[in-house]
Chemist: 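Below you will find the structure I want to go over with you.
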Amino acid sequence: MSVLRPLDKQPGLNTATILLVGTEDALLQQLADSMLKEDCASELKVHLARSLPLPSNMNRPRIDLIMFVVNLHSKYSLRNVEESLRHVDATFFLGKVGFLATGAGRESHCSVHRSTVVRLARTYRSPLLFCDPEVDGFRVPVAQRLVRMLQICAGHVPGVSALNLLSLLRSSENPTLEDL
Amino acid sequence: MDSYDTRGSTPRHSASSRLKDYFIGATPLQKRLESVRKQTSFIPTPPRRKIPQCSRLQEDNDPQKVAFLLHKQWTLYSLTPLYKFSYTNLKEYSRLLSAFIAAEKQKGLAVEVGEDFNIKVTFSTLLGMKGTQRDSEAFLVQILSKSQLPSENREHKVLWTGWFCCIFGDSLLETVSEDFTCVPLFLANGAETNTAIVGTWFQKTFDCYFSPLAINAFNLSWMAAMWTACKMDQYMAATEFLWSVPCSPQSLDISYAIHPEDAKALWDSVHKTPGEVTQEEVDLFMDCLYSHFHRHFKIHLSATRLVRVSTSVASAHTDGKIKILCHKYLIGVLAYLTELAIFQID
């Protein structure tokens with residue numbers, strides 16, 4: 001149970017579960033609240049964790065999407081995410097993992113350079129979103145995006161799979177593969 | 001027939017040569033625009049910076065002349081290029097600026113108690129404060145007070161000093177036309193009101209824009225590494241860091257002081273490429289400090305914000321305040337600050 005695998009459990013009926021991993025508890029809570037406020041045909045479940053691996057004695061539903069939250073103001077959150085990434089199975093990275101970077105708006109407080117998280121997202125071939133959850137105007141659109149991504153990853157949107165979404169997002173970012 | 005051929009061939013030839021020139025002489029801004037147009041992504045590669053060395057130009061500098069720049073706290077601003085500024089008109093500018101300051105003070109905008117002085121403004125160039133020959137000359141503005149006392153030695157008291165410089169500002173120089181003078185770094189020492197007045201005059205006269213230059217934690221850690229890497233004959237001060245812990249109701253400050261020789265020893269063990277500093281070395285240097293602190297106090301300094309760095313070479317605060325302590329590495333410190341200023345203008 002130390003490594004998260006995408007398909008090791010049965011899916012719940014009309015349920016979509018997202019796991020938010022990050023060191024900033026208040027931030028994750030705000031994001032979770034915004035997501036749960038959205039209207040959604042499926043039943044949403046949001047799990048919050050400081051880091052992986054998750055304790056194995058819990059009975060939890062199948063996780064459809066993992067978002068790793070990095071706070072650009074704190075190097076500690078970046079290290080934490082890098083450590084946690086080791087406990088995720090490789091098949092998760094086929095569209096069911098994303099990165100969220102917060103705090104880019106306040107440039108004077110940043111200890112982590114933007115290019116570091118961009119490179120991290122590129123290494124893991126996963127989408128990267130930027131968000132400042134303290135500002136309402138930014139938080140709501142990001143929550144809506146996450147809910148939509150979650151529905152697709154849980155298979156609740158007919159005709160689109162997580163892998164389809166990933167290749168759609170990737171082709172708009174970089175057509176060439178020579179960056180790394 | 002011939003004319004038709006030449007018309008057909010020359011545009012293509014000139015277009016391809018123009019394209020070649022475009023890529024050879026492309027500035028970072030142009031490269032970025034090009035990558036956006038081609039829809040490739042532009043990830044800035046991690047910078048490798050040179051450790052500040054004693055530059056040749058600095059040797060010509062008379063240490064006495066620039067001694068007044070050291071050991072003073074300067075507030076940093078970034079400045080866009082000045083339009084139609086000429087180094088031959090400095091006397092004219094000093095006249096105009098003194099008149100402006102006198103007018104402002106009469107308006108009652110600047111509040112200073114008990115001043116009956118006459119204000120005198122001087123503009124002067126600082127020779128030798130440049131990185132390459134292409135950089136614009138640095139110049140100094142000082143507000144002096146002329147004392148009314150009829151005594152023999154009428155010393156002019158310096159009320160406010162500000163100086164403009166450009167050290168290794170090639171990336172900016174390439175993008176501007178000839179009417180503009182690029183001096184992106186502005187340092188001010190003295191009353192805030194005077195800085196505001198001088199700033200307003202410059203903005204009106206030369207159509208430029210000042211903005212305060214804040215230094216974020218990422219750049220402060222680079223400064224700490226680069227200044228620790230400088231070879232010093234004797235260390236005047238301990239290497240000190242100050243972190244601010246974001247917690248309510250009041251933020252907590254953590255101060256960490258290391259003996260400068262220990263810091264240099266740590267840096268030497270981390271440093272691999274001679275003469276250059278890389279991102280990995282900076283990260284490793286800071287991580288060593290963080291893990292040492294964590295081992296003793298169980299506090300993760302990497303989750304806090306670095307606010308102040310102080311070494312024997314210079315000390316910098318995140319609000320954009322700097323104090324340079326060592327004459328040898330003055331140009332090196334200013335070069336990095338110029339880079340930050342240019343980045344902010346861009």
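Chain letters run A, B, ... following the sequence lines, proteins first and then strands; every chain starts at 1.
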Chemist: Of all of B:Leu220, B:Thr304, B:Asn216, which one pairs up most often with chain A through heavy atoms under 4.5 Å apart?
Modeler: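 The option with the most such pairs is B:Asn216.
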Chemist: Please flag which part of B:Ala217 lies under 4.5 Å from any non-hydrogen atom of chain A: side chain, backbone, both or neither.
Modeler: both
Chemist: Which bit of A:Arg79 comes within less than 4.5 Å of chain B, counting heavy atoms only: side chain, backbone, both or neither?
Modeler: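 For A:Arg79, the side chain is the part near chain B, not the backbone.
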Chemist: Let me know if A:His109 has heavy atoms under 4.5 Å from chain B in its side chain, its backbone, both or neither.
Modeler: both
Chemist: Taking side chain as everything from C-beta outward and backbone as N, CA, C, O, which of these in B:Asp319 sits under 4.5 Å from a heavy atom of chain A? Side chain, backbone, both or neither.
Modeler: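 Neither part.
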Chemist: Could you go step by step and tell me if A:Phe130 and A:Val142 meet the side chain to side chain contact (heavy atoms under 4.5 Å, CB included) rule?
Modeler: CA-CA 8 Å; A:Phe130 286 93; A:Val142 169; over 6 Å; no
Chemist: Do B:Phe285 and B:Trp267 have ring centres separated by under 6.0 Å?
Modeler: yes
Chemist: Check the orientation of B:Phe210 and B:Phe202. Use parallel for under 30°, tilted for 30 to 60°, and perpendicular for over 60°.
Modeler: perpendicular
Chemist: Looking at A:Asp33 and A:Lys37, does any basic side-chain N land under 4.0 Å from a carboxylate oxygen?
Modeler: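 No salt bridge links A:Asp33 with A:Lys37.
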Chemist: Does a salt bridge link A:Arg62 with A:Asp8, judged by any charged N lying under 4.0 Å from a carboxylate O?
Modeler: no
Chemist: Which bit of A:Ser108 comes within less than 4.5 Å of chain B, counting heavy atoms only: side chain, backbone, both or neither?
Modeler: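 Contact with chain B is through both the backbone and side chain of A:Ser108.
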